[in-house]
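In what follows, a single structure is set out as structure tokens and then discussed.
Along the sequence shown, residues carry numbers from 1.
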Amino acid sequence: MFSLALLLSSFSLPPIPMESTALPDQLMQARALTWSQPEQCRQMANAYLLRNPPDAAQPALSGVQVNYRDNGERYRNRQQSLEAQLIEANCLSMLNQSDEAMTLLQQVITQARKQHLPVQEASALYQLQRLVLLSALQPTARDNYLPALQQLLDQRQLADSLLPLYVQLLRTAWAINNGDNQAALQALQALQHATPESAPPDVQIALLSLQADFYHQRGQDDMALSLYSDALALAHRSQQPWPQAQLADTISRLFEHQGDLLQSLRYSEQACDQYQQLGNSEWLARGLTRLAGLYRQTGDANMALSLLFNALDIFRNINRPEALADLNLQVGMTYMQMHNLNAARSYLVAARNSYLLNHNKSGELSAVRALGELYLQQKSPGLTIALLENTRRDLPAQQVTPELFLLLSQAYESKGDYRTAFDYLKAFADASREQNQQNRQQGERSEERR
């Protein structure tokens, strides 16, 4: 069973609302740009933090008249400084800069505890737990911030009546992400009981999404699709484009997993429409890249290429070198599908060089495999052998994939070296068997957790 690229429920979890009346205009404007223009949001929040420090002395009373409203805009208190950092951290996460966001949130937690500001501490813990759930790594006990949040609740220092509900959302997402179905089921039942009919739409969307995540983890994707669709309909009715985009993308991935490419295309296009409506260029470019991959699977390489070039233009403007490397790889593979090997080679070489510069071994290996296939199509097995043999020597044994052995076998066969070709074919069979065994064991562990 495949895993969603991002844990949808974590993206759908609603932010803990800040008291708008206490936020300066600049921070309110920055927060409003979180989903549409996260880079500008980050810059505005950071610029606010670079103003005079919160403890700056107020001007002494004198005969000179002072505009105290202007001072309120110019100076900031500790609470506003922490809220600016919370907004900046959220924008960083939207820019796929999770490590920087986590570091900033840890700083907020430390400062909030020193300054006895439990609301800001709770907001930072909530955001931090959400980012942990979004990370590709399996969370450990060290990454569990729920006990600290629960302690704040137990101390009854928080006036926000919705916070217990947010904590329950996190607790449910944590249990689902860990594959603990019994704990997840109990958490879902408690969450359903705790969620009133009058709960804000984003809370209800999160509840439906968590239920869908639960069924997806159990391999019941038809039920998951039904719940995701309900959540998407609610997001549409409540006019929330960000959850709409994320839900449409998740539904698209599930349909792709089921082999229904037409439905997958439909929902992927819907996700791109929502990103465009938001004005979030980075997420639109990522959506276009995924949509191009779907079109390539259907055999429409021309449409795929058009979408990829649109995405390339966007990423060039916002300076995302690793995303550009991924796109160069996709463009090269699309040109290979169109049998334009010269154009394909240019983009694949550019992708490999970018991955090298960014120390991305996984991406580099993907580009090398694609180049190896290209050289075989160009009837240049010697180039394939030289490229792949050098790559194999530089890689740890556990990172050498079965596909690499198969390509080497095909290249040696094309060159007439049948003995070496047979040795690599045997290595391919052994590596494939070992990989299948690992996948089977992983599947059995998943079944046991169910």
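The backbone N or O of A245 lies less than 3.5 Å from no partner atom in the side chain of D249, so there is not a single donor-acceptor pair. Side-chain atoms of Q435 do not come within 3.5 Å of backbone N or O of P402 as any donor-acceptor pair. Using a distance-only test at 3.5 Å, with no hydrogens or angles considered, a donor-acceptor pair links the side chain of N328 to the main chain of L324. Remark: the backbone N or O of Q106 is paired with a side-chain donor or acceptor of T110 at under 3.5 angstrom. A distance-only check finds a donor-acceptor pair linking the side chain of T195 to the backbone of L191 [under 3.5 Å]. E121 places no side-chain N or O within 3.5 Å of a backbone atom of I109 that could act as its donor or acceptor partner. Not a single donor-acceptor pair under 3.5 Å links the side chain of S226 to the backbone N or O of D222. The backbone N or O of L104 lies less than 3.5 Å from no partner atom in the side chain of Q85, so there is not a single donor-acceptor pair.
For the pair Y166 and V203, the minimum side-chain heavy-atom distance is below 4.5 Å. Counting heavy atoms from C-beta on, the side chains of N181 and L185 never come closer than 4.5 Å. Taking 4.5 Å as the limit, every side-chain heavy atom of L327 sits out of range of all side-chain heavy atoms of F309. Put simply, the side chain of E322 does not reach to within 4.5 Å of the side chain of S354, judged on heavy atoms. The shortest distance between side-chain heavy atoms of L307 and T289 does not fall below 4.5 Å. Contact of the R31 side chain with the L27 side chain is not registered, since no non-hydrogen atoms from C-beta on lie closer than 4.5 Å. Residues L262 and D260 meet the side-chain proximity criterion, which asks for heavy atoms closer than 4.5 Å. Side chains of Q79 and Q115 form no contact here, defined as non-hydrogen atoms less than 4.5 Å apart.
For the 3.5 Å distance criterion, the side chains of Q246 and Y275 qualify, holding a donor opposite an acceptor. With 3.5 Å as the limit, one finds no donor-acceptor pair spanning the side chains of Q120 and Q111. Checking S252 against S264 by side-chain atom types alone, a donor-acceptor pair falls below 3.5 Å. Of the N and O atoms on the side chains of D154 and Q150, at least one donor lies less than 3.5 Å from an acceptor on the other residue. Under 3.5 Å, the side chains of D143 and Q129 contain no donor-acceptor pair of N or O atoms. Checked by atom type, the side-chain pair R130/Q127 shows no donor-acceptor distance below 3.5 Å. Between the side chains of D213 and Y228, a donor-acceptor pair is found at a separation under 3.5 Å. Judged purely by distance below 3.5 Å, without hydrogens or angles, the side chains of E282 and N96 pair a donor atom with an acceptor atom. If you check the side chains of Q240 and Q244, you find no donor sitting under 3.5 Å from an acceptor.
Expressed to the nearest 0.5 Å, how far CZ of R171 lies from CG of L146 amounts to 5.5 Å. Note that CG of L128 and OG of S98 are 10.5 Å apart. Values are rounded to the nearest 0.5 Å. Atoms CG and SG, from L95 and C41 in turn, are 8.5 Å apart once rounded to the nearest 0.5 Å. Separation of atoms CD (Q37) and CE (M94) is listed at 11.5 Å; rounding is to 0.5 Å. A distance of 9.5 Å separates CD1 of I87 from OH of Y48, quoted to the nearest 0.5 Å. Taking CD of Q277 as the start and CG of L284 as the end, the distance is 12.0 Å to the nearest 0.5 Å.
Across A30 and A45, no two heavy atoms sit closer than the pair CB-N, 4.2 Å. Of all heavy-atom pairs between S93 and A101, the closest is N-CB, 4.1 Å. Considering every non-hydrogen atom in both L86 and S123, the closest pair reads CD1-CB, 3.7 Å. Nearest heavy atom pair, residue L149 against residue A122, reads CD2-O, 3.6 Å. When all heavy atoms are compared, the tightest approach of T172 to A184 is CG2-O, 4.4 Å. Nearest heavy-atom pair, A301 versus T334, reported as atom, atom and distance to 0.1 Å: O-CG2, 3.6 Å.
Taking 4.0 Å as the cut-off between side-chain N and carboxylate O, E373 and R369 do not count as a salt-bridged pair. The pair E83-R78 does not count as a salt bridge, with every side-chain nitrogen at least 4.0 angstrom from each carboxylate oxygen. Under the 4.0 Å criterion applied to side-chain N and carboxylate O atoms, R253 and E256 are not assigned as salt-bridge partners.
Within a 6.0 Å sphere centred on CD of E269, other residues, nucleotides and ligands contribute more than 12 heavy atoms.
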Full working for side-chain contact (heavy atoms from CB on, under 4.5 Å) between N280 and S36: CA-CA 5 Å; N280 191 318; S36 59; 5.5 Å; no

With side-chain contact (heavy atoms from CB on, under 4.5 Å) as the criterion, how do L232 and I205 come out once you've worked through the C-alpha distance, each side chain's angles and the decisive distance to 0.1 Å? CA-CA 8 Å; L232 179 59; I205 291 168; over 6 Å; no

**OP:** Please lay out, stage by stage, how L225 and Y215 fare under the test side-chain contact (heavy atoms from CB on, under 4.5 Å).
**Re:** CA-CA 9 Å; L225 275 169; Y215 284 108; over 6 Å; no

Worked check of side-chain contact (heavy atoms from CB on, under 4.5 Å) between N90 and L92: CA-CA 5 Å; N90 204 24; L92 285 168; over 6 Å; no

Quick one: side chains of residues 337-348, donor-acceptor pairs under 3.5 Å with protein atoms, not counting sequence neighbours, listed by atom name and distance.
unit_1 : atom_1 : unit_2 : atom_2 : d
Q337   : NE2    : R296   : O      : 3.3
N340   : OD1    : A343   : N      : 3.3
S346   : OG     : N342   : O      : 3.4

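Aromatic ring pairs are classed by plane angle as parallel below 30°, tilted from 30° to 60° and perpendicular above 60°; the pair W283 and W242 is perpendicular.
Residues satisfying the side-chain hydrogen bond (donor to acceptor under 3.5 Å, both in side chains) test with R352, not counting sequence neighbours, are none.
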